[in-house]
Amino acid sequence: MTSQQATAGDNLIEIRNLKFQRGERWIFDGVDINIARGKITAIMGPSGTGKTTLLRLIGGQLRAESGSIHLDGNNIPKLSRDELFQVRRKMGMLFQSGALFTDLSVYENVAFPLRVHTQLPESMIRDLVLMKLHAVGLRGARELMPSELSGGMARRAALARAIVLDPQLIMYDEPFVGQDPISMGMVVQLIRLLNDSLGLTSVIVSHDVHETASIADYIYVIADGKVIGQGSPEQVLNTDEPRVRQFIRGLPDGPVPFQYPALDYRQDLQLEPL
Amino acid sequence: MTALATATIEGDTLALAGVLDFDSVLDVAEQGQHWLQESAPAQCNLDLSAISYSSSAGIALLLGWLRVAKKQQKTLHILRIPDDMVALARVGGLEDLLSGA
């Protein structure tokens, strides 16, 4: 009951004091994040700051060393395999690569989650696939194979697959990467439409400042394992916090160092003793 | 635990109640199909006012019944469709189809 009460309010997800380590390096060192129900929340930060790792922790593919990730009352790191399987039905995930099955047509890619998770007859599967493909503008492309799609079409086909089970939560991993301006505009519009029409909760992980700021309701900026800034897009774009400003303005060096942590250079070159 | 959907037939109207999720649509699909094929009059109604939640599978259920009705040369009027079902239908480009049915 306590865990239910913890997320009974306006947040679909509450992350508290999250710690996750890879090798010697702390990817997250005490991170607190709220994902508001029905809103688009962006997690931003330089490449390599663990944004995709965060999505994997929420999805339960990775387990945190400590801290909690409550999704609608379920503490993800503590769930059994079976419980996690049930909770994952409520989550849609759009990977950076699209991750379509290359040997299946667009139609069969979108039908796949329905075949795995439901007992629906073929006629209902067909209706659902056509509805979702229509939503992303690809109903006419359903017989195509992934190799025949442009990058933008592949992303939209993957989006249709991600929403086919009506998830409560959809997580987008770098949705704007590698898109031309037209398909980027389509993706932005689709994310907003799906969020608002279907009452979805959306999480976008991105380092594209302007597209993300144009669509997000709330932004977290992560660096060095911590949340270094948060607020509405206006607040984050206009912040005085030096590290957030460096990221937003795309300056190569600043409080967030250009160099990945390393030995002293002279020592590394063995010009000086260790 | 699976939520339940129920269908009640009274005269020319089939009333659906409960939750239409990806499992529970199967509880009522055949019952409605059978009614449309056998005893439903040429002008019949589907009342959705007691649906508390519908997934996209609920829209697929309606499409299936509309196809059966058409095949039987019957007209199935969809009544009191909840707003969130309209929103789902709209995203799939089916708003007109369902409201004009």
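Both backbone and side-chain heavy atoms feed into the values below; hydrogens, waters and symmetry mates do not. Since we're looking at a predicted model, the values are computed, not measured.
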B:L61 vs A:M124, side chain to side chain contact (heavy atoms under 4.5 Å, CB included): CA-CA, chis, key distance, verdict: CA-CA 7 Å; B:L61 177 74; A:M124 280 193 183; 3.7 Å; yes
Would you indicate whether [X], at its atom [atom1], is surrounded by more than 12 heavy atoms from other residues, nucleotides or ligands within a distance under 6.0 Å?
| X | atom1 | result |
| --- | --- | --- |
| A:D103 | CG | yes |
| B:R67 | CZ | yes |
| A:Q61 | CD | yes |
| B:Q43 | CD | yes |
| A:Q189 | CD | no |

Chain B interface, residue from A:L165, A:L114, A:L194, A:L198 that has the most non-hydrogen pairs under 4.5 Å: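 Ranked by contacts with chain B, first place is A:L165.
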Heavy atom to heavy atom, less than 4.5 Å: which residues from residues 128-136 of chain A reach chain B?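 Result: A:L128, A:M131, A:K132, A:H134, A:A135.
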Can B:D21 and A:R89 be counted as an ion pair, charged N to O under 4.0 angstrom?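 No.
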Which one of B:S55, B:A87, B:G64 has the most heavy-atom pairs closer than 4.5 Å to chain A?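 Highest number of pairs under 4.5 Å: B:S55.
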Side chain to side chain donor-acceptor pair (under 3.5 Å) against A:E83, all qualifying residues, sequence neighbours excluded: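 For A:E83 the side chain to side chain donor-acceptor pair (under 3.5 Å) partners, ignoring immediate neighbours, are A:S80.
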Suppose we screen for side chain to side chain donor-acceptor pair (under 3.5 Å). Which residues come up paired with B:E38, at least two apart in sequence or across chains?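 Expected list: none.
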For residues B:I59 and A:D127, determine if any side-chain heavy atom of one lies less than 4.5 Å from a side-chain heavy atom of the other.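 B:I59 does not reach A:D127 side chain to side chain.
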Side chain, backbone, both or neither: which part of B:L26 has a non-hydrogen atom closer than 4.5 Å to chain A?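 B:L26 touches chain A through side-chain heavy atoms alone.
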Measure B:A29 against the heavy atoms of chain A and call it side chain, backbone, both or neither at under 4.5 Å.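 When you check distances to chain A, only side chain atoms of B:A29 fall under 4.5 Å.
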Can you see which heavy atom on B:F22 is nearest to which on A:V164, and at what distance?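 Where B:F22 meets A:V164 most closely, the heavy atoms are CZ-O, 3.4 Å.
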Does any heavy atom of chain B fall under 4.5 Å from the side chain of A:I163, the backbone, both, or neither of them?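 When you check distances to chain B, no heavy atom of A:I163 falls under 4.5 Å.
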Which residues pass the salt bridge (Lys or Arg N to Asp or Glu O under 4.0 Å) test with B:D12, sequence neighbours left out?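 Applying salt bridge (Lys or Arg N to Asp or Glu O under 4.0 Å) to B:D12 gives none.
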